[in-house]
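Right, one structure below, let's go through it.
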Amino acid sequence: MYEFILALHIIAVLVAFGPVFSYPVGLRAARAAGPAALATFHRGQVLLVRYGAFAALVVLVAGIYMALDRFSLGDPWISATFLILIVLMGLYGAVLGPTERRAAELATAGADGGRPSPEYDAAAKRLSLVMTMASVLVAVAIILMTVKPGA
Ligand code: HEM
C-alpha cells in the first residue's frame with residue numbers, strides 16, 4: 001500500500017508541476033505563431049492550472065499519508081516541503097490562474113498586426129517570472145524529498 005501511495009504521489013507531482021518546466025518552450029512557440037496562438041496557449045494554461053491544483057492536493061494527501069505512516073510531519077525535510085507546496089498552491093490559485101486568464105484576453109486585444117500589446121507583454125513577463133520561481137521551488141522540493149536531510 002505504501003509503495004502504491006508513493007507512486008501516486010510522484011505521478012501527481014508530474015501532473016501538477018511538469019508543465020511548469022515546459023512553459024518557456026510553449027510560450028516561445030506561441031509567440032512566434034502570433035497573437036491568436038498566444039490566446040490559445042494561455043487558455044490551455046488556465047485548464048492546466050486547474051488540473052494542476054487538483055493534482056497538488058493529491059500530492060499533499062499522499063504525502064501526509066506517507067509522513068504519518070513512516071516518518072513525522074515534524075521532520076525538517078517534510079515540513080520544509082510542506083511549506084513549499086503551500087506556497088506553490090498559493091501561486092497557482094492567486095497568481096497563475098487569474099494572470100493566465102487575463103493574458104488570454106490581452107493576447108489578441110490591442111494587438112498590432114503580429115505584435116501583442118505592451119499590456120500583454122507585461123502579463124507574459126509576470127507569468128514567466130512566476131513560472132521560473134515555481135520551477136526553482138519544485139526542484140528544491142524534489143531535492144529535499146530524495147536527499148531527506150536530517151533523516
Ligand atoms: C512540491 C511538493 C513535493 C514534491 C515535488 C515531492 C516529491 C517527492 C518525490 C520525488 C518523492 C520520492 C522520493 C524517494 O523515493 O526517494 C517523494 C517522497 C515522499 N514525499 Fe514528497 N513531494 C512533495 C510534497 C510532499 C509533502 C507536502 C509531503 C508531506 C506532507 C511529502 C511527503 C513525502 C514522503 C513521506 C515521501 C516518502 C519518502 C520515502 O518513502 O522514501 N511530500 N516526494
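Because only heavy atoms are used, hydrogens play no part in the values below, and waters and symmetry mates are left out as well, while side chains stay in. In each ligand, atom 1 is the first atom listed, and ligand 1 is the first ligand listed. Positions are given from 1, in the same order as the sequence printed here.
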Checklist entry - Pairs in or reaching into residues 70-93: which pass side-chain hydrogen bond (donor to acceptor under 3.5 Å, both in side chains), with residues at least two apart or in two chains? => result none
Item to check | 4.0 Å heavy-atom contact, I84 with ligand 1 | outcome: no
Checklist entry - Residues in ring-ring contact (aromatic ring centres under 6.0 Å, His included) with Y23, at least two apart? => result F41
Checklist entry - Based purely on interatomic distance, does T146 place a nitrogen or oxygen under 3.5 Å from a nitrogen or oxygen of ligand 1? => result no
Checklist entry - Under 4.0 Å from any heavy atom of L85, which atoms of ligand 1 are there? => result 1 (C), 2 (C), 27 (C)
Checklist entry - Below 4.5 Å, heavy atoms only, C-beta onward: do L127 and Q45 meet side chain to side chain? => result no
Checklist outcome for this item: Numbered in order shown, the ligand 1 atoms found under 4.0 Å of a heavy atom of I64 are 29 (C), 30 (C)
Next on the checklist: To check you understand the geometry: which heavy-atom pair defines the closest contact between G52 and A16, and what is its length?
Outcome noted: O-CB, 3.6 Å
Checklist entry - Under 3.5 Å, is there a donor-acceptor pair between the side chain of T99 and the main chain of L96? => result no
Checklist entry - Between the side chain of H9 and the main-chain N/O of A62, is any donor-acceptor distance below 3.5 Å? => result no
Checklist entry - Can you pull the side-chain hydrogen bond (donor to acceptor under 3.5 Å, both in side chains) pairs that have at least one residue in residues 25-37, sequence neighbours excluded? => result R31-D121
Next on the checklist: Can you name the atoms of ligand 1, numbered from 1 with element, that are less than 4.0 Å from a heavy atom of A67?
Outcome noted: 35 (C)
Checklist entry - Of the protein's non-hydrogen atoms, which lies at the shortest distance from atom 37 (C) of ligand 1, and what is that distance? => result Y2 OH, 3.2 Å
Item to check | Sub-4.0 Å atoms of ligand 1 with respect to non-hydrogen atoms of I142 | outcome: 5 (C)
Next on the checklist: For K148, which part has a heavy atom under 4.0 Å from ligand 1: side chain, backbone, both, or neither?
Outcome noted: side chain
Checklist entry - Does CZ belonging to F71 count more than 12 external heavy atoms closer than 6.0 Å? => result yes
Next on the checklist: Considering non-hydrogen atoms of the protein only, which is the closest contact for atom 18 (C) of ligand 1, and what is the distance?
Outcome noted: L6 CD1, 3.6 Å
Checklist entry - Which N, O or S atoms belonging to the protein are less than 2.8 Å from atom 21 (Fe) of ligand 1? => result H9 NE2, M145 SD
Checklist outcome for this item: Note: A39 and A107 closest approach over all heavy atoms is N-CB, 3.6 Å
Item to check | Nearest-0.5 Å distance, CG of residue L8 to CG of residue L6 | outcome: 9.5 Å
